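The structure appears below as C-alpha coordinates.
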Amino acid sequence: MAYQFDNVRVLVVEDNRHMARLVRTLMSSIGLRNVTIAHDGAEAFEALMSNYYDLLITDLAMEPIDGLEMTKMIRNSSDSPNPTIPIIMMTGHSERHLVEEARDVGTTEFLCKPLTAQNLYKRIIAVIESPRFFVRTGSFFGPDRRRRQGGRYKGGDRRTAQPQAPARQA
Amino acid sequence: MPAQFIMPANKLKQKVGASSLADDVMAMGALEQVIERLEPDFAHVIAQNLEDLRAIKSPFTGGGLAQIYEIAHSIRGFAGSFSRIELSSLTDSLCQYIDAAQKSIGIDERLIMAHINAICMFAEVGAGEKEAAAIILSSLRQAVAKKMANV
(Lines give C-alpha, C1' and ligand atoms only; values in the text may rest on other atoms or scores of the structure.)
Protein backbone atom coordinates (compact mmCIF):
# COMPACT_ATOMS: atom_id res chain seq x y z
CA MET A 1 0.00 0.00 0.00
CA ALA A 2 1.52 3.34 -1.03
CA TYR A 3 0.74 6.76 0.39
CA GLN A 4 -2.42 8.32 -1.00
CA PHE A 5 -1.43 11.87 -1.78
CA ASP A 6 -4.55 12.77 -3.80
CA ASN A 7 -6.06 15.08 -1.17
CA VAL A 8 -2.85 16.60 0.08
CA ARG A 9 -2.30 20.27 -0.68
CA VAL A 10 1.28 21.51 -0.83
CA LEU A 11 2.51 25.08 -0.92
CA VAL A 12 5.96 25.50 -2.48
CA VAL A 13 7.69 28.83 -1.92
CA GLU A 14 10.55 29.32 -4.35
CA ASP A 15 11.62 32.46 -6.20
CA ASN A 16 13.63 30.62 -8.85
CA ARG A 17 11.15 29.47 -11.46
CA HIS A 18 13.33 26.60 -12.63
CA MET A 19 13.68 25.22 -9.11
CA ALA A 20 9.96 25.73 -8.56
CA ARG A 21 9.24 23.73 -11.67
CA LEU A 22 11.63 20.99 -10.62
CA VAL A 23 10.01 20.69 -7.20
CA ARG A 24 6.52 20.67 -8.69
CA THR A 25 7.47 17.99 -11.22
CA LEU A 26 9.08 15.83 -8.54
CA MET A 27 6.01 16.18 -6.34
CA SER A 28 3.73 15.28 -9.16
CA SER A 29 5.67 12.11 -9.94
CA ILE A 30 4.90 10.71 -6.48
CA GLY A 31 1.25 11.69 -6.65
CA LEU A 32 1.39 15.13 -4.99
CA ARG A 33 -0.43 16.94 -7.76
CA ASN A 34 -2.14 19.62 -5.74
CA VAL A 35 0.81 21.99 -5.57
CA THR A 36 0.66 25.77 -5.42
CA ILE A 37 3.73 27.88 -6.08
CA ALA A 38 4.38 31.17 -4.27
CA HIS A 39 7.40 33.28 -5.13
CA ASP A 40 8.21 34.79 -1.75
CA GLY A 41 7.17 34.73 1.86
CA ALA A 42 4.54 37.43 1.55
CA GLU A 43 2.81 35.65 -1.32
CA ALA A 44 2.94 32.40 0.63
CA PHE A 45 1.38 33.95 3.71
CA GLU A 46 -1.45 35.29 1.57
CA ALA A 47 -1.95 31.85 0.05
CA LEU A 48 -2.15 30.35 3.53
CA MET A 49 -4.77 32.91 4.48
CA SER A 50 -7.01 31.89 1.61
CA ASN A 51 -6.48 28.11 1.46
CA TYR A 52 -5.67 25.20 3.72
CA TYR A 53 -2.36 23.48 3.00
CA ASP A 54 -1.04 20.29 4.56
CA LEU A 55 2.62 20.91 3.89
CA LEU A 56 4.86 23.85 3.03
CA ILE A 57 8.20 23.51 1.27
CA THR A 58 10.20 26.70 1.09
CA ASP A 59 13.48 28.08 -0.13
CA LEU A 60 15.43 30.08 2.42
CA ALA A 61 16.84 32.95 0.37
CA MET A 62 14.09 35.05 -1.19
CA GLU A 63 13.11 38.69 -1.36
CA PRO A 64 11.44 40.69 0.04
CA ILE A 65 10.39 38.19 2.72
CA ASP A 66 12.70 35.19 3.04
CA GLY A 67 11.96 31.72 4.33
CA LEU A 68 13.07 32.54 7.88
CA GLU A 69 10.89 35.62 8.22
CA MET A 70 7.96 33.80 6.65
CA THR A 71 8.32 30.88 9.08
CA LYS A 72 8.35 33.32 12.00
CA MET A 73 5.14 34.87 10.69
CA ILE A 74 3.45 31.51 10.23
CA ARG A 75 4.42 30.28 13.70
CA ASN A 76 3.89 33.45 15.70
CA SER A 77 1.60 35.89 13.97
CA SER A 78 -1.77 36.27 15.69
CA ASP A 79 -3.55 36.09 12.32
CA SER A 80 -1.66 33.02 11.12
CA PRO A 81 -4.23 30.53 9.84
CA ASN A 82 -2.09 27.42 10.34
CA PRO A 83 0.72 27.92 12.89
CA THR A 84 1.56 24.23 13.12
CA ILE A 85 1.83 23.45 9.39
CA PRO A 86 4.89 21.26 8.70
CA ILE A 87 7.57 23.41 7.05
CA ILE A 88 10.43 21.90 5.08
CA MET A 89 13.14 24.48 4.48
CA MET A 90 15.51 24.09 1.53
CA THR A 91 18.93 25.57 2.22
CA GLY A 92 21.94 25.98 -0.05
CA HIS A 93 24.93 23.81 0.69
CA SER A 94 27.04 26.72 1.85
CA GLU A 95 24.36 27.97 4.15
CA ARG A 96 24.57 25.31 6.83
CA HIS A 97 25.08 27.92 9.50
CA LEU A 98 21.60 29.14 8.65
CA VAL A 99 20.17 25.78 9.65
CA GLU A 100 20.40 26.82 13.30
CA GLU A 101 18.59 30.02 12.56
CA ALA A 102 15.95 28.13 10.59
CA ARG A 103 15.52 25.70 13.49
CA ASP A 104 15.10 28.60 15.90
CA VAL A 105 12.28 30.16 13.93
CA GLY A 106 10.30 26.92 13.88
CA THR A 107 11.29 24.93 10.79
CA THR A 108 10.15 21.30 10.90
CA GLU A 109 12.69 19.70 8.53
CA PHE A 110 15.69 20.87 6.52
CA LEU A 111 16.51 19.92 3.01
CA CYS A 112 20.04 20.84 2.03
CA LYS A 113 20.53 21.56 -1.64
CA PRO A 114 21.27 20.04 -4.01
CA LEU A 115 17.72 18.86 -4.03
CA THR A 116 17.75 15.15 -4.76
CA ALA A 117 14.89 12.75 -5.18
CA GLN A 118 15.91 10.73 -2.17
CA ASN A 119 16.32 13.71 0.15
CA LEU A 120 13.00 15.20 -0.81
CA TYR A 121 11.11 11.96 -0.31
CA LYS A 122 12.83 11.26 3.03
CA ARG A 123 11.83 14.66 4.39
CA ILE A 124 8.24 14.14 3.33
CA ILE A 125 8.21 10.74 5.05
CA ALA A 126 9.73 12.31 8.19
CA VAL A 127 6.95 14.88 8.32
CA ILE A 128 4.29 12.20 7.88
CA GLU A 129 5.69 9.50 10.14
CA SER A 130 7.65 11.38 12.79
CA PRO A 131 5.68 14.43 13.83
CA ARG A 132 7.29 16.40 16.64
CA PHE A 133 5.81 18.04 19.68
CA PHE A 134 5.37 21.77 19.40
CA VAL A 135 6.90 23.81 22.17
CA ARG A 136 5.65 27.17 23.34
CA THR A 137 7.89 29.27 25.55
CA GLY A 138 8.06 33.02 26.09
CA SER A 139 10.30 33.44 23.06
CA PHE A 140 9.66 30.42 20.83
CA PHE A 141 6.85 28.53 19.20
CA GLY A 142 7.67 25.66 16.92
CA PRO A 143 8.63 22.00 16.70
CA ASP A 144 10.74 20.70 19.57
CA ARG A 145 14.31 21.58 18.67
CA ARG A 146 15.84 18.65 20.54
CA ARG A 147 16.22 15.89 17.99
CA ARG A 148 18.63 13.62 19.80
CA GLN A 149 17.35 11.45 22.57
CA GLY A 150 19.82 11.27 25.45
CA GLY A 151 21.53 8.10 26.55
CA ARG A 152 25.21 8.60 25.96
CA TYR A 153 25.69 11.37 28.52
CA LYS A 154 26.85 9.89 31.81
CA GLY A 155 27.20 13.02 33.95
CA GLY A 156 24.80 14.69 36.32
CA ASP A 157 21.81 16.79 35.36
CA ARG A 158 22.92 20.39 35.62
CA ARG A 159 19.43 21.72 36.18
CA THR A 160 18.67 19.48 39.12
CA ALA A 161 22.12 18.81 40.59
CA GLN A 162 23.47 20.75 43.56
CA PRO A 163 25.41 23.85 42.58
CA GLN A 164 29.13 23.17 42.45
CA ALA A 165 31.93 25.30 43.79
CA PRO A 166 33.47 27.51 41.08
CA ALA A 167 36.67 26.17 39.55
CA ARG A 168 39.85 27.51 41.12
CA GLN A 169 41.67 30.11 39.09
CA ALA A 170 45.19 29.16 38.08
CA MET B 1 6.67 31.21 31.29
CA PRO B 2 6.91 27.42 31.67
CA ALA B 3 7.29 25.54 28.40
CA GLN B 4 4.09 24.08 27.02
CA PHE B 5 4.16 20.98 24.84
CA ILE B 6 1.49 20.51 22.21
CA MET B 7 1.07 17.62 19.78
CA PRO B 8 -0.94 18.93 16.82
CA ALA B 9 -3.26 16.45 15.09
CA ASN B 10 -1.32 14.74 12.32
CA LYS B 11 -3.79 15.54 9.54
CA LEU B 12 -1.24 14.70 6.89
CA LYS B 13 -0.88 11.14 8.18
CA GLN B 14 -4.66 10.79 8.38
CA LYS B 15 -4.93 11.80 4.73
CA VAL B 16 -2.12 9.73 3.24
CA GLY B 17 -2.40 6.50 5.21
CA ALA B 18 0.51 4.10 5.34
CA SER B 19 3.23 3.05 2.95
CA SER B 20 5.53 0.06 2.78
CA LEU B 21 9.29 0.13 2.33
CA ALA B 22 8.86 -1.38 -1.14
CA ASP B 23 6.51 1.45 -2.13
CA ASP B 24 8.91 4.03 -0.76
CA VAL B 25 11.75 2.55 -2.80
CA MET B 26 9.53 2.61 -5.89
CA ALA B 27 8.58 6.24 -5.26
CA MET B 28 12.23 7.21 -4.94
CA GLY B 29 13.01 5.36 -8.15
CA ALA B 30 10.23 7.29 -9.90
CA LEU B 31 11.71 10.55 -8.65
CA GLU B 32 15.16 9.63 -9.97
CA GLN B 33 13.65 8.92 -13.37
CA VAL B 34 11.95 12.30 -13.39
CA ILE B 35 15.28 13.99 -12.77
CA GLU B 36 16.82 12.03 -15.65
CA ARG B 37 13.95 13.06 -17.94
CA LEU B 38 14.41 16.71 -17.01
CA GLU B 39 18.09 16.78 -17.94
CA PRO B 40 17.54 18.30 -21.41
CA ASP B 41 15.55 21.10 -19.78
CA PHE B 42 18.36 21.57 -17.31
CA ALA B 43 20.88 21.86 -20.15
CA HIS B 44 18.67 24.46 -21.80
CA VAL B 45 18.37 26.52 -18.60
CA ILE B 46 22.12 26.40 -18.02
CA ALA B 47 22.79 27.47 -21.60
CA GLN B 48 20.47 30.43 -21.10
CA ASN B 49 22.20 31.30 -17.83
CA LEU B 50 25.62 31.20 -19.47
CA GLU B 51 24.45 33.46 -22.26
CA ASP B 52 23.20 35.93 -19.67
CA LEU B 53 26.48 35.71 -17.75
CA ARG B 54 28.55 36.36 -20.86
CA ALA B 55 26.40 39.35 -21.75
CA ILE B 56 27.44 41.11 -18.55
CA LYS B 57 30.38 43.27 -19.48
CA SER B 58 31.46 44.30 -16.00
CA PRO B 59 30.34 43.72 -12.41
CA PHE B 60 30.65 47.46 -11.87
CA THR B 61 28.17 48.76 -14.42
CA GLY B 62 24.45 48.43 -15.01
CA GLY B 63 23.76 46.30 -11.94
CA GLY B 64 26.22 43.72 -13.25
CA LEU B 65 27.21 42.38 -9.86
CA ALA B 66 23.62 41.78 -8.77
CA GLN B 67 22.92 39.98 -12.05
CA ILE B 68 26.03 37.84 -11.71
CA TYR B 69 25.01 36.89 -8.18
CA GLU B 70 21.47 36.06 -9.23
CA ILE B 71 22.58 33.84 -12.10
CA ALA B 72 25.23 32.09 -9.97
CA HIS B 73 22.68 31.56 -7.22
CA SER B 74 20.27 30.06 -9.72
CA ILE B 75 22.86 27.66 -11.16
CA ARG B 76 24.04 26.73 -7.66
CA GLY B 77 20.59 25.65 -6.57
CA PHE B 78 19.80 23.85 -9.76
CA ALA B 79 23.03 22.16 -10.89
CA GLY B 80 23.47 19.90 -7.89
CA SER B 81 20.09 18.31 -8.48
CA PHE B 82 21.38 17.10 -11.83
CA SER B 83 24.62 15.76 -10.38
CA ARG B 84 26.64 18.68 -11.70
CA ILE B 85 28.40 19.13 -8.40
CA GLU B 86 31.39 20.91 -9.97
CA LEU B 87 29.11 23.62 -11.38
CA SER B 88 27.26 23.87 -8.12
CA SER B 89 30.54 24.25 -6.19
CA LEU B 90 31.99 26.86 -8.56
CA THR B 91 28.86 28.97 -8.40
CA ASP B 92 28.79 28.50 -4.64
CA SER B 93 32.33 29.86 -4.42
CA LEU B 94 31.32 32.86 -6.54
CA CYS B 95 28.25 33.58 -4.40
CA GLN B 96 30.29 33.32 -1.21
CA TYR B 97 32.93 35.65 -2.60
CA ILE B 98 30.38 38.27 -3.69
CA ASP B 99 28.64 38.05 -0.30
CA ALA B 100 31.90 38.54 1.58
CA ALA B 101 33.28 41.14 -0.80
CA GLN B 102 30.19 43.29 -0.58
CA LYS B 103 30.32 43.24 3.19
CA SER B 104 33.95 44.03 3.77
CA ILE B 105 36.72 43.46 1.32
CA GLY B 106 35.68 45.15 -1.89
CA ILE B 107 35.26 43.53 -5.27
CA ASP B 108 38.16 42.22 -7.31
CA GLU B 109 36.89 42.07 -10.87
CA ARG B 110 39.56 39.55 -11.89
CA LEU B 111 38.40 37.08 -9.29
CA ILE B 112 34.81 37.47 -10.41
CA MET B 113 35.76 36.96 -14.04
CA ALA B 114 37.93 33.95 -13.15
CA HIS B 115 34.91 32.33 -11.55
CA ILE B 116 32.69 33.16 -14.52
CA ASN B 117 35.20 31.75 -16.98
CA ALA B 118 35.49 28.54 -14.97
CA ILE B 119 31.71 28.20 -14.71
CA CYS B 120 31.28 28.71 -18.47
CA MET B 121 34.06 26.29 -19.29
CA PHE B 122 32.83 23.45 -17.09
CA ALA B 123 29.23 23.98 -18.10
CA GLU B 124 30.28 23.42 -21.68
CA VAL B 125 32.62 20.48 -21.25
CA GLY B 126 30.04 18.49 -19.33
CA ALA B 127 30.34 16.47 -16.18
CA GLY B 128 33.38 14.46 -17.27
CA GLU B 129 36.09 16.86 -16.08
CA LYS B 130 35.60 16.58 -12.37
CA GLU B 131 39.32 16.46 -11.48
CA ALA B 132 40.16 19.57 -13.45
CA ALA B 133 37.15 21.33 -11.96
CA ALA B 134 38.28 20.37 -8.45
CA ILE B 135 41.75 21.84 -9.07
CA ILE B 136 40.36 25.08 -10.42
CA LEU B 137 37.80 25.31 -7.63
CA SER B 138 40.54 24.82 -5.06
CA SER B 139 42.63 27.61 -6.66
CA LEU B 140 39.66 29.95 -6.69
CA ARG B 141 38.83 29.21 -3.07
CA GLN B 142 42.45 29.84 -2.09
CA ALA B 143 42.42 33.14 -3.95
CA VAL B 144 39.21 34.15 -2.16
CA ALA B 145 40.65 33.12 1.22
CA LYS B 146 43.82 35.11 0.53
CA LYS B 147 41.81 38.20 -0.35
CA MET B 148 39.80 37.87 2.81
CA ALA B 149 42.89 37.30 4.95
CA ASN B 150 44.40 40.54 3.66
CA VAL B 151 41.54 42.67 4.98
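Remember, predicted model here, so these are calculated numbers, not experimental data. Because only heavy atoms are used, hydrogens play no part in the values below, and waters and symmetry mates are left out as well, while side chains stay in. Each chain gets a letter, A, B and so on, in the order its sequence line appears, and its residues count up from 1.
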Heavy atoms, side chains only, cut-off 4.5 Å: are [X] and [Y] in contact?
X         : Y        : answer
Lys11(B)  : Tyr52(A) : yes
Thr116(A) : Glu32(B) : no
Asp144(A) : Phe5(B)  : yes
Glu129(A) : Lys13(B) : yes
Leu26(A)  : Ile35(B) : yes
Arg37(B)  : Thr25(A) : no

Quiz prompt | Exam field: side chain Asn10(B) to backbone Ile128(A), donor-acceptor pair closer than 3.5 Å | solution =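 Yes: the side chain of Asn10(B) pairs with the backbone of Ile128(A).
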Quiz item: Hey, does the side chain of Lys15(B) reach the backbone of Asn7(A) with a donor-acceptor pair shorter than 3.5 angstrom?
Solution: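 Yes, because the side chain of Lys15(B) sits within donor-acceptor range (under 3.5 Å) of the backbone of Asn7(A).
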Shared hydrophobic cluster, [X] / [Y] (ILVMFWY, side-chain heavy atoms < 4.5 Å):
X        : Y         : result
Ile85(A) : Val105(A) : no
Leu12(B) : Leu11(A)  : no
Ile37(A) : Val45(B)  : yes
Val12(A) : Leu56(A)  : no
Phe45(A) : Leu55(A)  : no

Provide the closest heavy-atom pair for [X] versus [Y] in the form atom of the first, atom of the second, distance.
X         : Y         : result
Pro8(B)   : Arg132(A) : CD-O, 4.2 Å
Met19(A)  : Gly77(B)  : SD-O, 3.4 Å
Val135(A) : Ala3(B)   : CG1-CB, 4.3 Å
Phe78(B)  : His18(A)  : CE1-O, 3.5 Å

Quiz prompt | Polar contact flag, side-chain donor to acceptor under 3.5 angstrom, Asp24(B)-Tyr121(A) | solution =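 Asp24(B) vs Tyr121(A): donor-acceptor pair found between side chains.
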Might you confirm whether atom [atom1] of [X] has over 12 heavy atoms from other residues, nucleotides or ligands at distances under 6.0 Å?
X        : atom1 : result
Glu63(A) : CD    : no
Met26(B) : CE    : no
Arg17(A) : CZ    : no

Practice problem: Kindly compute the distance separating CE (Met7(B)) from OG1 (Thr84(A)), expressed to the nearest 0.5 Å. | Solution: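 The OG1 atom of Thr84(A) is 11.0 Å from CE of Met7(B), to the nearest 0.5 Å.
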Quiz item: Just how far is it from atom OG of Ser19(B) to atom CD1 of Ile30(A), taken to the nearest 0.5 Å?
Solution: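 Result: 10.0 Å between the selected atoms.
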Quiz item: Out of Gln4(B), Glu70(B), Gln33(B), which one racks up the most heavy-atom pairs below 4.5 Å with chain A?
Solution: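 Ranked by contacts with chain A, first place is Gln4(B).
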Exercise. Select, from Gly80(B), Ser81(B), Cys95(B), the one with the greatest count of heavy-atom pairs under 4.5 Å involving chain A.
Key: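 Greatest number of close heavy-atom pairs with chain A: Ser81(B).
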Practice problem: Check whether Ile6(B) gets within reach of chain A through its side chain, its backbone, both or neither, counting any heavy atom under 4.5 Å. | Solution: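 Answer is both: backbone and side chain atoms of Ile6(B) are under 4.5 Å from chain A.
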Quiz item: Measuring heavy-atom distances to chain A, does Phe42(B) have an atom under 4.5 Å in its side chain, in its backbone, in both, or in neither?
Solution: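 Neither part; nothing is under 4.5 Å.
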Quiz prompt | Under 4.5 Å from a heavy atom of chain B, the part of Asp54(A) involved | solution =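 The answer is both parts of Asp54(A).
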Exercise. Under 4.5 Å heavy-atom distance to chain B, tell me which part of Phe141(A) shows up: side chain, backbone, both or neither.
Key: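 It is the side chain, since no backbone atom gets that close.
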Self-check item: Option in Met27(A), Arg21(A), Lys122(A) with maximal non-hydrogen atom pairs under 4.5 Å from chain B
Solution: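 If we count pairs closer than 4.5 Å to chain B, Arg21(A) comes out on top.
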Quiz item: When you look at Leu115(A) and Phe82(B), which way does the side chain to side chain contact (heavy atoms under 4.5 Å, CB included) test go after all the steps?
Solution: CA-CA 9 Å; Leu115(A) 176 67; Phe82(B) 292 89; over 6 Å; no
